[in-house]
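Source: prediction; values computed, not measured. Indexing begins at 1, ligand by ligand and atom by atom, following the structure's order. Basis for what follows: all heavy atoms, side chains included, without hydrogens, waters or symmetry-related copies.
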Amino acid sequence: MLLELFITLLLIESQVLGDTSSSEEEQNSSQEHDDEHKERPSHSHHWGYHDQRSWMRSFSNCSGTSQSPIDIVTRDVIYSPSLPAIKLEGYDLTGQPELTLQNNGHTLQLQLPKTMKIVNGFDEIYLAAQLHFHWGTIEVPGSEHTIDNVHFPAELHVVHYNSKYTSIREAASKPDGLAVFGAFIRIGLHENENYENILSVIKDVSAEESNTKIPSFNVRHLLPNSLERFYRYTGSLTTPPCFQSVNWTIFNDTVTVSRKQLAALEKTLKAGHNQSLAENFRTPQNLHGRHVLASFRTTYSTRTGASPGTDTSSRTGVNNTQDGLSRGDILAIAFGALFALTLLSFCIYAYRQRQKHSKFNPDSRQNVIYKPATKEDV
Ligand SMILES: *[C@@H]1O[C@H](CO)[C@@H](O)[C@H](O)[C@H]1NC(C)=O
Ligand SMILES: *[C@@H]1O[C@H](CO)[C@@H](O)[C@H](O)[C@H]1NC(C)=O
Ligand SMILES: [Zn+2]
């Protein structure tokens, strides 16, 4: 019985939490109205980051239920030790033909040869196509994915396509078409020499639609040192047409560049009529029940792929987890205390009633059995 009462309290808790998240949605939709005011008439090929909510009008996939990026709530990810390790081949391009670097108006993109492969980690071999970046400004950190609602200054994406398709164009819309690596870029004390392969020539592509050639280098060195710890989830392209064809891998280890290098990324490129190309990141999208797996144990993770019974669904929808206790935990403690008090008063009341009753009718004890709460019940 006590267990049932406790479950009832948990249900109340989840309703309270549900209310909070729906008010967050309301905030979002009022923002939507603001955005609609700013909006210019958009052609299907001219989309921008200032009117992200209008993407879905020209590109129906953008309103799907498996969109990217997402906020990764570290305490909700499912530890999955059976996720296959990632193994790369052909990433060292040293001595190979030059690579094309391009400002396409949305990002800084480096074309990659399909001799670069992911040979282990997925059900098929995936071939590299291109890598690109998402960033913000000095004031606004511009990663697309967030960890516990926190943005990093920038994010690297390395896009691969399933080798069973003949081209990335063909693969891009297929459910098993793409595998994209995401790595967070932070500011460190030292210049990152590997990133200089790209950033030292960024001025050459400051104009939209401009290209330049750069010497080939070891692309593995743009990724974090450790590829062992990663998150995995099913999502989409983060730009129109938002195809839901990406098996995402977001690394837990990060990359560091110097403040000056990050500033070059944030300040050099132009989009359209001399506008600066910055803040090219999409807002995190709703999970719609998707689960995020992790190849490693995150600090607060209690969920394991091996025991799906440990469902913490009452927490779903709460994404402002802080260090230490989350709002869910605080509410649980509060309700727990309230419950204990109620139980205590009930016991006292019941005990008094029984004593009062037994005075009038000494036999009543045989009919009604009150069992005082013991520690085992709680
Ligand atoms: C993503 O990759 C994992 C690991 O190989 C695989 O189990 C899963 O089915 C893939 N998901 C999709 C949608 O292709
Ligand atoms: C990496 O994992 C640690 C431990 O769970 C966590 O504290 C940290 O926020 C994670 N960082 C990223 C970028 O995932
Ligand atoms: Zn991207």
If you count every heavy atom of other residues, nucleotides or ligands that lies below 6.0 Å from [X] atom [atom1], does the total exceed 12?
| X | atom1 | value |
| --- | --- | --- |
| H190 | NE2 | no |
| D253 | CG | yes |
| K117 | NZ | no |
| E228 | CD | no |

Report, in ascending order of atom number, the atoms of ligand 2 lying under 4.0 Å from any heavy atom of [X].
| X | value |
| --- | --- |
| F296 | 2 (O) |
| F184 | 13 (C) |
| T298 | 5 (O) |
| F152 | 13 (C) |

Are any of the N or O atoms of Y231 closer than 3.5 Å to those of ligand 2?
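Looking only at distances, the answer is yes, because the N/O contact criterion of under 3.5 Å is met.
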Polar contact flag for N252 and ligand 2 (N/O pairs, less than 3.5 Å)
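Looking only at distances, the answer is yes, because the N/O contact criterion of under 3.5 Å is met.
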Restricting to N, O or S atoms, which atom of H157 is closest to the Zn ion (ligand 3)?
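This turns out to be ND1.
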Considering only N, O or S atoms, which atom of H134 is nearest to the Zn ion (ligand 3)?
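The atom in question is NE2.
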Atoms in ligand 1 flagged as close to R232, the criterion being non-hydrogen separation under 4.0 Å
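Here the atoms of ligand 1 in question are 2 (O), 3 (C), 4 (C).
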Element-labelled atoms of ligand 1 that are located less than 4.0 Å from some non-hydrogen atom of F122:
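Those qualifying, in numeric order: 2 (O), 5 (O).
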Is the shortest N/O to N/O distance between D123 and ligand 1 below 3.5 Å?
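The answer is yes, given that D123 and ligand 1 share an N or O pair closer than 3.5 Å.
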Would P84 count as being in polar contact with ligand 1, using the rule that some N or O on each side must be under 3.5 angstrom apart?
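N/O-N/O distance under 3.5 Å: no.
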Is the closest heavy-atom distance from G121 to ligand 1 below 4.0 Å?
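Yes; G121 lies near enough to ligand 1 that a heavy-atom distance drops under 4.0 Å.
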Can you say whether the rings of [X] and [Y] are parallel (under 30°), tilted (30 to 60°) or perpendicular (over 60°)?
| X | Y | answer |
| --- | --- | --- |
| W55 | Y49 | perpendicular |
| H106 | W47 | parallel |
| H145 | H157 | perpendicular |

Identify, for atom 8 (C) of ligand 1, the protein heavy atom at the shortest distance, and state residue, atom and that distance.
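The closest one turns out to be N247 ND2, 3.7 Å.
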Indicate the atoms forming the closest heavy-atom contact of K164 with D176, along with that distance.
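Shortest heavy-atom contact: NZ-OD2, 2.7 Å.
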Residue that, paired with H134, satisfies side-chain contact (heavy atoms from CB on, under 4.5 Å) out of L156, T238, I185
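Among L156, T238, I185, the one meeting side-chain contact (heavy atoms from CB on, under 4.5 Å) with H134 is T238.
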Side chain, backbone, both or neither: which part of I147 has a heavy atom under 4.0 Å from ligand 2?
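Just the side chain.
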Is it true that R75 and D148 make a salt bridge, defined as a side-chain N closer than 4.0 Å to a carboxylate O?
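Looking at R75 and D148, the cut-off is not met.
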